Number of protein chains: 2
Amino acid sequence: MTIPTRGEPGAMPTTPVQERSTRQRRIIRSVFDDAERPLSIEEVLDAATRGRHTVSLSTVYRFVRALVEDGSLSVFELPGLGAFYELSGKAHHHHFSCLHCKRVYELNDCISVDKLALPTDFQAVSHDLTVAGVCAACNVGGTSRAQRAP
Amino acid sequence: MTIPTRGEPGAMPTTPVQERSTRQRRIIRSVFDDAERPLSIEEVLDAATRGRHTVSLSTVYRFVRALVEDGSLSVFELPGLGAFYELSGKAHHHHFSCLHCKRVYELNDCISVDKLALPTDFQAVSHDLTVAGVCAACNVGGTSRAQRAP
DNA sequence: GTTAGTGCAAACTGTTTGCAAGTAT
DNA sequence: ATACTTGCAAACAGTTTGCACTAAC
């Protein structure tokens, strides 16, 4: 007899792994569903624990990692700012990082990097572009006008 | 009386800071002079301690940081690979990161990012582009031919 | 009732720092 | 002789993990 398992076909009959729906997981998922920009772990934790909810830091780390591993989320890292997470499945895009509030935004345009001259024998697999600057919120009314705190 | 100091003009008379030439510093400087690509702290340490020399990790961190602060070196960070350092003063360029050996190379071309559509009210200050792939050394003779270890 | 998920604290990794001993000037 | 540098070990920040307890199913 063959019991279907997720993972490799023909694997030994095992109890199928079941993913449970807990309060914490529902919250974390909804944080990403509601987010309109990539989030750092800190931002996820902040959003998740807004209200009277309580979610531990390790749970955020663990579940976000699980979501990355199952493909629901994509990660990228920014210099000095650590990792950011966003829902997968979007068109290829790049990011804008605000030097003032440290928030990160999506850029819809993908520059064509194919044009970049690569040394012979170098094989490009992917490219990553980040523009840094001042975001709309922080840019209001001049150069030194502080908006929402980071 | 006014004793010239480095730093802000008109500063209080202080003993001018003198930078000493030690064996360790000479070695670290020469590592960068000889390097033909950006180096991580580990790579600097490895190169510096090749031969019978001895340089401690903290000295590498400390002196490399000093060189960055005085402008001799530039830093940039790559996702998952940490910080890389290279001599300053080169034309604007980007980097290529080998997925196999983890080494980083300079790319001479600078893509024009001016063309990238930025949302109104976003001010671009700088941009950073990294291409990832397989470098010439690791690309020799096919896809899975291992070259020098990372 | 089982077993996956959570929270806490301890472990880890990469980097920085305090301080006593070493060394360039 | 002076005070900048070094090396070691302890301190740190960010992330991961072991384990007993809690809660889905």
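Note: hydrogens, waters and symmetry copies are ignored here, and every other heavy atom, side chains too, is used. Not measured: the values here are computed from a predicted model. A, B, ... follow the sequence lines: proteins, then strands. Residue 1 opens every chain.
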Would you mind reading off the distance between A/E19 atom CD and C/dT3 atom P, rounded to a whole angstrom?
-> 18 Å
Under 4.0 Å between a side-chain N/O of A/Q24 and OP1 or OP2 of D/dA23, yes or no?
-> no
Taking the six-membered ring where the residue is Trp, are the ring centres of B/H92 and B/H127 under 6.0 Å apart?
-> yes
Expressed in angstrom and rounded to an integer, what is the separation of A/E77 atom CD from D/dA13 atom P?
-> 20 Å
5' precedence on DNA chain C between A/S56 and A/R20 (nearest-nucleotide basis) = A/R20
Taking CG from A/L57 and P from D/dT16, how many angstroms apart are they, rounded to a whole number?
-> 10 Å
Between A/T59 and C/dG7, does any side-chain N or O lie under 4.0 Å from OP1 or OP2?
-> yes
When B/R26 and B/G82 are each assigned the nearest nucleotide of DNA chain C, the 5'-most assignment goes to B/G82
Can we call the ring centroids of A/Y105 and B/F122 under 6.0 Å apart?
-> yes
Hey, does the side-chain of A/R23 have a donor or acceptor N/O within less than 3.5 Å of a partner on the base of D/dA23?
-> no
Using atom CG of A/L81 as one end and atom P of D/dG14 as the other, report the distance to the nearest whole Å.
-> 12 Å
Residues of residues 61-68 of chain B with any non-hydrogen atom less than 4.0 angstrom from an atom of DNA chain C: list those, numerically ordered, please.
-> B/Y61, B/R62, B/R65
Is A/R65 reaching over with its side chain to a backbone N or O of A/V60, donor-acceptor style, under 3.5 angstrom?
-> no
CD1 of A/I27 versus P of D/dA23: gap in Å, rounded?
-> 14 Å
Would you kindly give the CG-to-P distance between A/L45 and C/dG7, to the nearest whole Å?
-> 10 Å
Just to confirm, is there a sub-4.0 Å distance from OP1 or OP2 of C/dT15 to any side-chain nitrogen or oxygen of B/S58?
-> no
Under 3.5 Å, side chain of B/S97 to main-chain N/O of B/V104, donor-acceptor pair present?
-> no
Quickly work out the B/H53 NE2 to D/dT6 C1' distance and round it to whole Å.
-> 16 Å
When you check the side-chain N and O atoms of B/S74 and B/S88, is any donor under 3.5 Å from an acceptor?
-> yes
Which value, rounded to the nearest 0.5 Å, describes the distance between A/R37 atom CZ and A/F84 atom CZ?
-> 8.5 Å
Quickly work out the B/F84 CZ to C/dT15 P distance and round it to whole Å.
-> 10 Å
Residue pair B/S21 / B/R26, side-chain heavy-atom distance below 4.5 Å | yes
